[in-house]
Peer 1: 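Handing you a structure now.
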Protein chains: 2
Amino acid sequence: MTADRPLRADAARNRSALLAAAAEEFAARGPDASVAEIARRAGIGKGTVFRHFPTKDDLLAAVVLDRVDGLAGLAHELMSAADPGAALLEFMGSAAGHQRQLDLSFLREAAGINDRLDGERAELFAAITALVDRAKQAGAIRADITGMDVILLMCAPNHVVSFVPGAPPELWRRYLGIIFDGLRPEGAHPLPEPVSP
Amino acid sequence: MTADRPLRADAARNRSALLAAAAEEFAARGPDASVAEIARRAGIGKGTVFRHFPTKDDLLAAVVLDRVDGLAGLAHELMSAADPGAALLEFMGSAAGHQRQLDLSFLREAAGINDRLDGERAELFAAITALVDRAKQAGAIRADITGMDVILLMCAPNHVVSFVPGAPPELWRRYLGIIFDGLRPEGAHPLPEPVSP
DNA sequence: AGGTAAACGGACCGGGCGGTCAACTTGTTA
DNA sequence: TAACAAGTTGACCGCCCGGTCCGTTTACCT
């Protein structure tokens with residue numbers, strides 16, 4: 001559709017600086033980070049931000065899209081790992097830890113904003129479900145866990161750690177360890193009724 | 001210090017309506033809920049809100065304080081329960097579930113705003129730690145779990161469920177079940193290095 | 001009943017937000 | 001190198017927020 005002739009050199013430079021600044025700022029302040037502050041951090045004018053992305057939501061969607069793509073790629077790679085349980089744990093660790101950038105709330109905030117993002121997100125969810133099914137078949141996690149369970153739980157460590165102000169940067173690993181132990185079949189207790197859709 | 005003669009009847013009525021409305025609105029929209037909307041829900045003018053609480057933060061602190069008091073009372077009660085493990089589980093369930101009102105983020109937002117709240121919060125934390133220690137001594141949970149771990153994890157179910165739009169109201173129980181299984185000694189794997197302070 | 005202080009409420013204020021625009025600068029191309 | 005389109009920018013707009021203020025209403029006391 002769009003002719004999309006190449007960006008001018010300075011525009012391309014500004015665009016990537018903008019995306020980097022936005023990723024940092026959104027990670028630090030959440031989705032409510034101000035466009036003006038992002039522009040300042042990127043060293044460009046506020047107007048330039050809106051030239052590259054017509055709306056703040058579009059900028060957020062672009063940042064989230066990067067992350068979703070990365071996670072989907074990792075999920076596909078890990079499908080051929082030797083140990084399905086370890087693969088799932090590594091995936092959840094990457095979701096939680098990678099520069100502790102982006103938690104599930106971003107996926108919620110960005111839903112419905114951008115059609116392409118919605119598609120990629122569905123693909124990511126499918127890849128996660130496949131990873132979970134493989135781990136279940138290998139007996140690495142209990143049989144009553146669904147893909148949605150993992151999607152919901154995978155960023156909880158990150159969220160939980162965000163409450164302790166001077167937290168060591170790897171503290172999320174502790175809570176991922178605890179939560180993942182809860183997914184294991186060894187000491188599993190029956191779960192109460194409702195199942196996530 | 002304050003003479004504190006009794007409130008006029010209408011003022012007392014408005015105050016309790018305000019607190020109820022604020023609790024609902026903060027629960028629904030988070031700490032960013034607008035004062036105007038809270039006032040509308042309570043059926044009073046915006047000016048009246050600021051007559052009862054000089055600042056929006058003070059209103060938030062009052063709402064959080066109610067919740068903290070309730071939880072601290074429950075924690076003390078449960079110290080004499082027969083089964084220490086079940087007592088801890090019940091406590092975490094109450095923290096997560098009780099009209100799924102208030103998660104840890106409120107405790108963070110409200111920190112440093114109100115001296116009394118800070119004190120009550122410290123007391124709540126101490127009570128939780130005692131509950132955790134008793135469960136540890138009974139062998140109901142693994143020995144490497146701290147009070148802070150439970151504080152951080154206890155509202156994760158609530159948070160996690162908030163991402164699924166049409167969630168059944170009791171879905172949080174599922175995730176509390178998973179997380180609590182991760183606290184149990186039965187299938188525990190060693191946890192990675194950093195410990196929460 | 002009537003006087004009074006307490007309580008009420010909504011217009012109003014300053015500030016910060018997302019987003020727009022027109023004047024200005026700059027990379028590109030022939 | 002000249003000319004033009006693409007890109008940049010910061011002042012500006014409307015909106016909503018927390019918080020203030022003062023004219024009005026209302027519960028209480030005697």
Side-chain angles (χ1 to χ4, degrees), chain A residues 2-26 28-64 106 109-114, chain B residues 1-26 28-64 105-106 109-114:
Chain A
T2 51
D4 264 359
R5 78 165 147 211
L7 283 175
R8 234 169 62 175
D10 58 343
R13 220 181 320 116
N14 281 341
R15 185 189 168 94
S16 71
L18 167 57
L19 280 171
E24 289 174 29
E25 197 65 19
F26 281 136
R29 316 247 185 215
D32 293 336
S34 83
V35 173
E37 184 57 39
I38 291 171
R40 204 172 308 127
R41 192 192 274 248
I44 64 181
K46 195 171 61 156
T48 306
V49 175
F50 288 100
R51 157 163 283 264
H52 286 280
F53 300 94
T55 252
K56 178 186 171 179
D57 284 336
D58 290 310
L59 174 58
L60 177 59
V63 170
V64 173
F106 283 61
E109 302 286 341
I113 297 301
N114 183 310
Chain B
M1 295 292 169
T2 51
D4 263 0
R5 80 166 143 210
L7 282 176
R8 235 169 63 173
D10 56 344
R13 215 182 323 117
N14 282 339
R15 185 189 166 94
S16 70
L18 168 57
L19 281 171
E24 290 174 28
E25 197 65 18
F26 281 136
R29 316 248 184 212
D32 293 336
S34 84
V35 173
E37 184 56 40
I38 291 171
R40 205 172 307 128
R41 192 192 274 245
I44 64 180
K46 196 171 59 159
T48 305
V49 175
F50 289 100
R51 160 164 283 262
H52 287 279
F53 300 94
T55 252
K56 177 187 171 177
D57 284 335
D58 290 310
L59 174 58
L60 177 59
V63 170
V64 173
S105 63
F106 284 61
E109 302 286 341
I113 297 300
N114 183 310

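Sequence lines set the chain letters: A, B, ... in the order given, protein chains first and strands last, and positions in each chain run from 1. Just so it is clear, the values below take in all heavy atoms, side chains as well, and ignore hydrogens, waters and symmetry mates.
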Peer 1: Measure from the side-chain heavy atoms of Leu7(B) and tell me the nearest of dG18(C), dA7(C), dC28(D).
Peer 2: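 Of all the options, the side chain of Leu7(B) is nearest to dA7(C).
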
Peer 1: Compare side-chain N and O positions of Asn14(A) against OP1 and OP2 of dG7(D) and report whether any pair is under 4.0 Å apart.
Peer 2: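 No, no such contact exists.
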
Peer 1: Taking CZ from Phe53(A) and C1' from dT20(C), how many angstroms apart are they, rounded to a whole number?
Peer 2: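 Rounding to the nearest Å, CZ of Phe53(A) and C1' of dT20(C) are 18 Å apart.
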
Peer 1: Taking only N and O in the side chain of His52(A), is any of them less than 4.0 Å away from OP1 or OP2 of dT8(D)?
Peer 2: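 So the side-chain polar atoms of His52(A) do come within 4.0 Å of the phosphate oxygens OP1 or OP2 of dT8(D), strictly under.
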
Peer 1: How long is the line joining CG of Leu59(B) and P of dC17(D), in whole Å?
Peer 2: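 About 15 Å, once rounded to whole Å.
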
Peer 1: Find the distance Asp58(B):CG to dG18(D):P and express it as a whole number of Å.
Peer 2: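 Computing the Asp58(B):CG to dG18(D):P distance gives 14 Å.
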
Peer 1: Rounded to whole Å, how long is the line connecting atom CD of Glu37(B) with atom P of dC16(D)?
Peer 2: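 The distance from CD of Glu37(B) to P of dC16(D) comes to 13 Å, rounded to the nearest Å.
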
Peer 1: In whole angstrom, give the distance that lies between atom CG of Asp32(B) and atom C1' of dC16(D).
Peer 2: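 About 13 Å, once rounded to whole Å.
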
Peer 1: Select from Arg15(A) and Asp10(B) the residue whose nearest nucleotide in DNA chain D is closer to the 5' end of that strand.
Peer 2: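 Closer to the 5' end of DNA chain D: Arg15(A).
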
Peer 1: Side chains of Phe53(B) and Leu60(B): closer than 4.5 Å at any heavy-atom pair?
Peer 2: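 They are not in contact (no side-chain heavy atoms under 4.5 Å apart), so the answer is no.
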
Peer 1: Tell me which one of Lys56(A), Arg40(A), Arg41(A) satisfies salt bridge (Lys or Arg N to Asp or Glu O under 4.0 Å) with Glu25(A).
Peer 2: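 The passing option is Arg41(A).
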
Peer 1: For Thr48(B) and dG9(C), is the shortest distance between a side-chain N/O and OP1 or OP2 below 4.0 Å?
Peer 2: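 For dG9(C), OP1/OP2 do have a side-chain N/O of Thr48(B) under 4.0 Å.
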
Peer 1: To the nearest angstrom, how far is Leu18(B) atom CG from dG18(D) atom P?
Peer 2: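 From Leu18(B) CG to dG18(D) P: 13 Å.
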
Peer 1: Rounded to whole angstroms, how far apart are CZ on Arg13(A) and C1' on dT25(C)?
Peer 2: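 Taking atom C1' of dT25(C) as the reference, CZ of Arg13(A) is at 14 Å.
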
Peer 1: Using only heavy-atom distances, decide whether a donor-acceptor pair under 3.5 angstrom links the side-chain of Lys46(B) to the base of dG19(D).
Peer 2: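 It does, because a donor-acceptor pair links the side chain of Lys46(B) to the base of dG19(D) below 3.5 Å.
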
Peer 1: Give the nucleotide from the list dC17(D), dG18(C), dT28(C) with an atom nearest to the side chain of Ala9(A).
Peer 2: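 Nearest listed nucleotide: dT28(C).
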
Peer 1: Classify Ala12(B) by what it touches in the nucleic acid, base, sugar-phosphate, or nothing, heavy-atom distance under 4.0 Å.
Peer 2: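 Result for Ala12(B) = nothing.
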
Peer 1: Taking the minimum atom-to-atom distance to the side chain of Phe50(B), which one of dG19(D), dT9(D), dT8(D) wins?
Peer 2: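 Looking only at side-chain atoms, Phe50(B) lies closest to dG19(D).
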
Peer 1: Rounded to whole angstrom units, what separation is found between the CD1 atom of Ile38(B) and the C1' atom of dG9(C)?
Peer 2: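 Rounding to the nearest Å, CD1 of Ile38(B) and C1' of dG9(C) are 17 Å apart.
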
Peer 1: Which nucleotide in the list dA6(D), dC8(C), dG18(C) gets nearest to the side chain of Arg51(B)?
Peer 2: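 So the nucleotide nearest the side chain must be dC8(C).
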
Peer 1: With a 4.0 Å limit, can you tell me whether Thr55(A) has a side-chain N or O closer than that to the phosphate oxygens OP1/OP2 of dG18(C)?
Peer 2: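 It does not, given that no N or O in the side chain of Thr55(A) lies less than 4.0 Å from OP1 or OP2 of dG18(C).
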
Peer 1: Has the side chain of Arg8(B) got a donor or acceptor atom sitting under 3.5 Å from an opposite partner on the base of dA6(C)?
Peer 2: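 Yes, the side chain and the base share a sub-3.5 Å donor-acceptor pair.
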
Peer 1: Starting at CG of Asp58(B), measure out to NE2 of His52(B) and round the result to the nearest 0.5 Å.
Peer 2: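 Asp58(B) CG to His52(B) NE2: 13.5 Å, rounded to 0.5 Å.
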
Peer 1: Taking it one step at a time, do Phe26(B) and Val64(B) satisfy side chain to side chain contact (heavy atoms under 4.5 Å, CB included)?
Peer 2: CA-CA 10 Å; Phe26(B) 281 136; Val64(B) 173; over 6 Å; no

Peer 1: Specify the closest pair of heavy atoms between Ile44(B) and Leu18(B), including all atoms of both residues, with the distance to one decimal.
Peer 2: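 Distance-wise, the nearest heavy atoms are CD1-CB, 4.1 Å.
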
Peer 1: Are the side chains of Ile38(B) and Leu59(B) in contact, using a 4.5 Å heavy-atom criterion?
Peer 2: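 Touching, per the 4.5 Å side-chain cut-off.
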
Peer 1: Have a look at Ala39(A) and say if it touches a base, only the backbone sugar-phosphate, or nothing, with a 4.0 Å heavy-atom cut-off.
Peer 2: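 No contact at all - Ala39(A) keeps every heavy atom at 4.0 Å or more from the nucleic acid.
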
